[in-house]
Amino acid sequence: MDQTDYELLAAIERSGRVFRPEGGTPEARAAFQGLVERLLHLRAVGLIRMADGRIMKAQDGSYLMAGPCDLTAAGIAALSNDRRLGERPPSDRPNDPGSTGRPGG
């Protein structure tokens, strides 16, 4: 599991998060698009639950919100197995879900 997946799963474990873009800039929207795609991947591989009805899109197709979501049994196990390898340092990337306690970043 890479650092981003680890941080997303840990953030979801802490709070069953609802994710939203950090702002209305094109960069924030692009970053959020990538985040939602990552969440959809985690859902596809069975690590999180997030219903399709919990993903909101704008008329232009951009994502506005995703969640709440929670870990599946496989997600809990994957996070637990990763933690057995030792603690990971916190991210120093500003928009990673594990870097702050705020929704979406």
Side-chain angles (χ1 to χ4, degrees):
M1 159 180 341
D2 70 15
Q3 184 71 20
T4 300
D5 287 349
Y6 174 84
E7 291 171 1
L8 274 172
L9 292 176
I12 291 166
E13 177 189 50
R14 283 192 303 274
S15 64
R17 294 179 52 133
V18 172
F19 296 90
R20 293 184 177 90
E22 286 285 319
T25 66
E27 294 81 14
R29 288 192 302 271
F32 190 66
Q33 174 82 17
L35 174 67
V36 174
E37 289 172 4
R38 181 70 69 136
L39 290 169
L40 292 171
H41 168 75
L42 292 173
R43 182 180 75 171
V45 298
L47 299 179
I48 68 169
R49 277 183 292 270
M50 180 176 61
D52 284 336
R54 299 295 184 180
I55 302 168
M56 184 181 291
K57 286 186 174 185
Q59 288 182 341
D60 67 3
S62 63
Y63 292 109
L64 299 173
M65 182 188 86
C69 45
D70 64 323
L71 299 180
T72 62
I76 292 167
L79 198 54
S80 177
N81 288 339
D82 192 273
R83 286 180 175 147
R84 288 185 193 145
L85 300 174
E87 286 296 315
R88 289 180 182 232
S91 174
D92 59 355
R93 294 171 287 178
N95 291 319
D96 279 346
S99 65
T100 70
R102 299 181 326 191

Practice problem: First locate atom CD1 of I76, then atom CG of N81, and finally report the distance between them rounded to the nearest 0.5 Å. | Solution: 12.0 Å
Quiz item: Taking the side chain as C-beta and beyond, is there a heavy-atom pair between V36 and F32 under 4.5 Å?
Solution: yes
Quiz item: Passes side-chain contact (heavy atoms from CB on, under 4.5 Å), E22 versus L35? Steps please.
Solution: CA-CA 11 Å; E22 286 285 319; L35 174 67; over 6 Å; no
Quiz prompt | Residue pair V18 / M65: nearest heavy atoms and the distance that separates them | solution = CG1-CG, 3.6 Å
Self-check item: Side chain to side chain, M50 and L40, heavy atoms closer than 4.5 Å
Solution: yes
Exercise. Measure across A28 and G23 and return the closest heavy-atom pair with its distance rounded to 0.1 Å.
Key: CB-O, 3.4 Å
Quiz item: With a 4.5 Å limit on heavy-atom distance, are the side chains of L79 and E13 in contact?
Solution: yes
Exercise. Would you check if the side chain of T72 reaches a backbone N or O of G46 as a donor-acceptor pair within less than 3.5 Å?
Key: yes
Exercise. Find the distance between CD1 (I12) and CG (L42) and round it off to the nearest 0.5 Å.
Key: 6.5 Å
Quiz item: Rounded to the nearest 0.5 Å, how far does CD of E37 lie from OH of Y63?
Solution: 6.0 Å
Self-check item: Test item: L47 and L71 side chains (from C-beta on) under 4.5 Å apart, heavy atoms
Solution: no
Exercise. Starting at CZ of R38, measure out to CG of L8 and round the result to the nearest 0.5 Å.
Key: 7.0 Å
Quiz item: Taking the side chain as C-beta and beyond, is there a heavy-atom pair between F19 and I55 under 4.5 Å?
Solution: no
Quiz item: CZ/R14 to CG/L9 distance, rounded to the nearest 0.5 angstrom?
Solution: 10.5 Å
Quiz item: Does the side chain of D60 pick up a donor-acceptor pair with the side chain of S62 at under 3.5 Å?
Solution: yes
Quiz prompt | Nearest-0.5 Å distance, CG of residue D82 to CD of residue Q3 | solution = 8.5 Å
Exercise. Over all heavy atoms of both residues, which pair between C69 and I48 is shortest? Give the atoms and the distance, please.
Key: CB-CD1, 4.4 Å
